[in-house]
Amino acid sequence: MAATIDNRIKIHEVTRITPFSNPTAEFSLPLTLFDTYWLKFLPVGRLFFYQITELTSDLFNSVVLPKLKHSLSLTLLHYLPLAGNLMWPEDTAKPAIYYFPNDGVAVTIAESNADFNTLCGDGVREAVEFRPLTPHLSISDDKAAPISIQITLFPNQGFCIGISIHHAIFDGRSSAMFMKSWACLCKQDEENPSLPPELTPSFDRTVIKDPKGIDLVYVNNWLAFTGSDSDQNKRSLKVMPSIVDVNKLVRATFVLTRQHIKKLRDKILSASNVNEVKLHLSTFVLTCAYVYTCMAKARGGESNRDVLLVFTADYRNRLDPPVPANYFGNCVGSHITNVKARGLMDETGVFFVAEKLSVMIKEIENGITLEGFEDKLLKLMSLMKQAVEGAQGLGVAGSIRFDVYGSDFGWGRPKKVEIVSIDTTGAISLAESRDEDGGVEIGLVLSQQEMEIFSSLFEKGLKDIV
Ligand SMILES: CC(C)(COP(=O)(O)OP(=O)(O)OC[C@H]1O[C@@H](n2cnc3c(N)ncnc32)[C@H](O)[C@@H]1OP(=O)(O)O)[C@@H](O)C(=O)NCCC(=O)NCCSC(=O)CC(=O)O
C-alpha cells in the first residue's frame, strides 16, 4: 500500500535497481585527493522535470517506468561503482568504493499532486516544496551510497527524476554525464542500446597523480574537523549536518539572456580603460559579478562585513597531462577569496567582482599544479567556519557547460532542472538557458525578504543596462 509522507506526495515503491546481468566480480575503486576533499559535504540534489500532459498512471506504470528502470539497469552496467557503496574497512587508511554482486541503487517511485507548472516555473516558490521530490541518500557511520534516485509521477502533467549524489564520489560533470548516459540508453529502441565514447565513463584512477599523498592529508583534516558527536567513531562516513531551516526559505530562477551578457560586458569594458587588471569577461564571470552584487545588496548590513567569493573549477583540462573529459569521479577544486561587502555594495560592485574573479581565473589559466594543495581543505574549513559565524558566502553549484537540458529520455528535453541542495549551501545554481543559446539560468534560495529585494535589484539593474 502507498505511504503518504505529506498531503502532496505518495510513496508507491522503494526498490533497488541492480546493474543489468548482475556482474559477479567484486572490486574496489580508490578515492583520489579530489574525492577525499569532499568527504563530508552534504549530498548534491538535482531535479529534472519532464512535461507530458497525457501521462496517466496507466501510461506511466506500463511504459515510462519500465523503460526508465530497464535503462537504469543497463546504465549501471557501465557505471558499476555507482551500484556499490563507500566504505572504510579497519585496515585501510582511507575510504573506497566497494562493489559486491547484488549491489544496486535505491530507487523510490512516488506520485505527487502538487502543481507541476508552478514547480517548473521561475517564480518564487517555497524551498521546502522541492524536498519531497529529492531522494534521501543513505549514509551511515560505515556505509554511504554513491547515489539515490526518485521518480515521481505528476498525473496528466509529467514526471520528475530526482537524484541525490555523494560529492566524495563524483562531481557535477560526472553527474551530468551519468544522466545523459541513462537518457541515451532509455531513448534508443534497439534491443542492445549502446553509449557513444563521450558518455562512456573512465574510472582510471592512475590519471590523477598525487605523489605527496594529499588524499590522506584531506582524510586527516576531516578526522580532525569532525565534531564531538563522532569522537567515538572518528572514521564515521556521516557528512556534516545541515544548519539551515529550509522552511523559512524561498526559491526562484532568474535568467540572463545573451543580450544581457553582451550589454554587461560592454558596460564593464567601457568603464575599465584605466584599470591594470586585464579583465576576463566570460559569461561565467559576468553572471557571477552581476548576481553576487545584487545578493550582497539584498543582504544589506555593515559594509565592513566579510564576503567570501567562491567558485569551483573543473581541472580535467587544466592538469598536465590533461584528464580525459569522460573521467568519472571528482576532478574539481574550489577557489575562494575574502573581500569586504562594501566592494560589492558600491556603485562599481559589478566591476569589483569581475576584477576579483578575473584574477582568480587567470591564476589557473595556464593550468593547475598541486603546489599548496596540502593546505587547500584547511583553508576551506576555516572559511566555512567564517560563513557559519555570519560571513556571506557567494558560491556556485552546477555550471553553464553541463548541458543539463540535453538529458532527453525519449519524451523531450527537461522542462526545468533545479539544484535542490542550494537550499542548504546558500550557493547560487547555474545552468545554460533552456531556450536560448548563450543565456544563463540562475537558481537562488533566500529568505522571502531578501528574495524580494534581490528580485527588484536584478530587474532594475537590467533595465539600466539595456
Ligand atoms: C573556472 C570556470 C568556472 C570559469 O571559467 P571561465 O570564466 O573561463 O568560463 P568558461 O570556462 O566557461 O569559458 C570561457 C570561454 O571559453 C569558451 N568556452 C569554454 N567552454 C565552452 C563550451 N563548452 N562551449 C562554448 N564555449 C566554451 C567560451 O568562449 C567562454 O567564454 P564565454 O563564456 O564568454 O562564451 C570554468 O572554466 C569551469 O571550470 N567550469 C566548470 C565548473 C564545475 O565543474 N562546476 C561544478 C562543481 S561540482 C558541483 O557544483 C556539484 C554539481 O554540479 O553536481
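Ligands are counted one by one from 1 in listed order, and the atoms in each one are counted from 1 as well.
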With a 4.0 Å heavy-atom cut-off (strictly under), which part of [X] contacts ligand 1: side chain, backbone, both or neither?
X    : result
L357 : neither
K262 : neither
R318 : side chain
V332 : side chain

**OP:** Ignoring angles and geometry beyond distance, decide whether S282 reaches within less than 3.5 Å of ligand 1 through its nitrogen or oxygen atoms.
**Re:** yes
**OP:** May I ask you to check if ligand 1 and D171 share an N or O to N or O distance below 3.5 Å?
**Re:** no
Original post:
Between F154 and F159, does a ring pair (Phe, Tyr, Trp, His ring centres under 6.0 Å) hold up when you go through it step by step?
Top reply: CA-CA 5 Å; F154 292 76; F159 69 93; 9.4 Å; no
Write out the residue and atom name of the closest protein heavy atom to [atom], then the distance separating them to 0.1 Å.
atom                    : value
atom 42 (C) of ligand 1 : T312 O, 3.2 Å
atom 4 (C) of ligand 1  : F284 CD2, 3.5 Å
atom 48 (S) of ligand 1 : G172 N, 3.4 Å
atom 32 (P) of ligand 1 : T283 OG1, 3.4 Å
atom 49 (C) of ligand 1 : G398 N, 3.9 Å
atom 6 (P) of ligand 1  : H280 NE2, 3.5 Å
atom 44 (O) of ligand 1 : F402 CZ, 3.5 Å
atom 16 (O) of ligand 1 : R401 NH2, 4.8 Å

Original post:
I361: what forms a side-chain contact (heavy atoms from CB on, under 4.5 Å) with it, not counting sequence neighbours?
Top reply: H280, F284, V285, F311
Subject >> Result of checking V353, L279, L281 against L286 for side-chain contact (heavy atoms from CB on, under 4.5 Å) >> reply: L281
Original post:
L77 versus L74: any side-chain heavy-atom pair under 4.5 Å?
Top reply: no
Original post:
So, do K94 and L216 sit near enough that their side-chain heavy atoms are less than 4.5 Å apart?
Top reply: yes
**OP:** Check whether more than 12 heavy atoms from other residues, nucleotides or ligands sit under 6.0 Å from atom NZ of K67, and answer yes or no.
**Re:** yes
**OP:** Answer yes or no on whether R173 is positioned over the face of F402, meaning its NZ or CZ is under 6.0 Å from the six-membered ring centre and within 45° of the axis.
**Re:** no
**OP:** Indicate whether any N or O donor in one side chain lies under 3.5 Å from an N or O acceptor in the other, for T206 and D204.
**Re:** yes
Original post:
For residues H78 and T75, is any side-chain donor paired with an opposing acceptor at under 3.5 Å?
Top reply: no
**OP:** Check ring pair (Phe, Tyr, Trp, His ring centres under 6.0 Å) between F454 and all other residues, then give those that pass, not counting sequence neighbours.
**Re:** F254, F458
Subject >> Heavy atom of protein inside 4.0 Å of atom 29 (O) of ligand 1, strictly below >> reply: no
Can you name the atoms of ligand 1, numbered from 1 with element, that are less than 4.0 Å from a heavy atom of [X]?
X    : answer
R46  : 52 (C), 53 (O), 54 (O)
R265 : 34 (O)
V44  : 54 (O)

**OP:** Answer yes or no: is there an ion pair linking K416 with E418, defined by an N-O contact shorter than 4.0 Å?
**Re:** yes
Original post:
Would you say R173 touches ligand 1, if touching means a heavy atom closer than 4.0 Å?
Top reply: no
**OP:** Compute the ring centroids of Y50 and F409, then answer whether they are less than 6.0 Å apart.
**Re:** yes
